[in-house]
Amino acid sequence: MTTGRAAVVSGLGTWLPPRVETNEDLSRTLDTTDEWIRSRTGIGQRHIADASMATSDLAVEAGGRALKSAGVESVDALVLATTTPDRLCPATAPLVASRLGLGTISAFDVVAVCTGFVYALATAAGLIATSTADRVLVVGADTFSTIIDPGDRSTRAIFGDGAGAVVLRAGEAGEDGALGPFDLGSDGTGSDLIMIPSGGSRDPRRGAEGGVAAGDGGADGADRYFRMYGKAVFRNAVEHMVASAESVLERSGWADAGPDLLVAHQANLRIMHAVADRLGVPRDRCAVNLDRVGNTAAASIPLALADASADGSLRPGDRIVMTAFGGGLAWGSCTMRWPAVVPV
Ligand code: UT7
């Protein structure tokens with residue numbers, strides 16, 4: 001058994017904005033059908049934040065619930081995974097920390113799009129391994145509805161808003177909830193496959209007075225929207241999630257027995273099944289909640305963990321592999337035995 005200091009999951013909290021948008025709702029204004037969306041993606045509905053809500057609002061809700069689940073009121077650091085920060089500058093994490101009453105702790109954002117939560121877990125585990133922190137709140141929160149082109153049926157049908165968070169505490173490798181090993185990777189040659197064309201330093205779209213009109217790009221504003229080249233992303237997602245999950249399963253000594261549950265980024269049911277098939281994991285051992293929440297980007301994995309725990313498909317002691325893929329391109333995986341936490 002592995003020994004030594006490790007980051008251990010001690011609480012899990014999630015939050016979804018109350019408003020639900022069904023496939024039927026979408027088909028009223030977009031050239032799409034419930035049948036197309038369900039058969040091509042497995043998604044039936046998604047939650048959408050009201051216009052008054054920003055990512056920090058979702059992050060505060062989920063973060064507060066994770067603290068409650070862990071039974072703690074303070075942490076030493078907060079890592080927020082998001083691609084939809086409240087503002088381009090500054091990071092959103094310090095605002096979330098102060099709104100949660102966490103004081104002047106270290107707080108920063110991690111941008112790895114749909115792999116953000118796994119990257120944030122690895123970053124937080126590093127803070128604990130180096131004794132920089134004994135307890136860290138890791139939040140994955142995204143409001144993709146704020147960057148989706150309302151007229152783009154191929155992305156609007158997929159993405160939803162949400163937030164999930166875990167508390168990590170310093171503990172022992174080998175105990176339930178201990179994270180690792182991790183596998184992280186990226187391939188910038190595919191950076192154009194998932195992107196927002198304007199609003200960054202590559203294309204700031206300066207306004208008439210010379211100020212930077214961030215996110216205002218294009219004569220019709222279309223360049224400020226999220227774009228995804230679905231087919232190429234699909235192929236890459238399967239390839240990299242399989243290789244990445246294999247790497248951590250191998251290093252965990254679980255390659256032969258396989259995991260009790262595969263918790264993959266909820267991008268597309270066809271992708272999850274392809275990954276499961278290639279890993280030799282039965283499809284009924286995949287955590288699936290995208291039928292109810294869609295692709296919630298950085299919130300996807302904690303939301304899937306909470307739902308699997310609630311429906312009994314994830315029990316304390318179960319061996320799980322988490323794997324994610326998204327823009328960057330970036331991917332990451334991690335194993336753990338599920339601890340006896342009660343999600344809030
Ligand atoms: O979270 C980060 C990682 N993201 C992913 O892993 C997503 C990976 N990609 C996918 O999940 C799939 O590629 C999509 C679900 C995005 C698209 O499915 P697809 O089977 O790859 O479809 P496609 O993009 O090849 O499009 C096939 C057709 C197109 O029509 P034409 O050009 O053949 O006439 C699309 O315009 O389906 C059309 N289409 C739709 N039709 C009805 C695309 N979206 C829709 C829609 N309703 N919502």
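For ligands, and for the atoms within them, numbers begin at 1 and follow the listed sequence.
For R99, the CZ atom sits in a packed shell: over 12 heavy atoms of surrounding residues, nucleotides or ligands are nearer than 6.0 Å.
Paired with L305 under the rule side chain to side chain contact (heavy atoms under 4.5 Å, CB included), one option of L261, I320, V341 passes, and it is I320.
Protein heavy atom in closest approach to atom 6 (O) of ligand 1: I271 CD1, 3.2 Å. Among protein heavy atoms, the minimum distance from atom 18 (O) of ligand 1 is reached at W36 CH2, 3.9 Å.
Each of the following atoms of ligand 1 lies closer than 4.0 Å to a heavy atom of R40: 20 (O). Using a 4.0 Å cut-off to heavy atoms of A267, the atoms of ligand 1 that qualify are 1 (O), 5 (C), 6 (O). Residue I158 approaches ligand 1 through these ligand atoms, each under 4.0 Å from one of its heavy atoms: 15 (C), 16 (C). Ligand-side atoms of ligand 1 in range of N268: 10 (C), 11 (O), 12 (C), 15 (C), range being under 4.0 angstrom from any heavy atom.
Checking C114, S27, G42, A157 against atom 2 (C) of ligand 1, the nearest heavy atom belongs to C114. Counting heavy atoms only, G230 comes closest to atom 9 (N) of ligand 1 of the residues A297, S39, S300, G230.
Within the structure, ring pair (Phe, Tyr, Trp, His ring centres under 6.0 Å) contacts touching residues 280-315 (residues at least two apart or in different chains) do not occur.
Under 4.0 angstrom from ligand 1, the non-hydrogen atoms of T32 come from both its backbone and its side chain.
Side-chain contact between L279 and E246 is present, with at least one heavy-atom pair separated by less than 4.5 Å.
The ring pair (Phe, Tyr, Trp, His ring centres under 6.0 Å) test applied to F144 returns F159, F226, not counting sequence neighbours.
By the 3.5 Å distance cut-off applied to N or O atoms, T41 is not counted among the residues near ligand 1.
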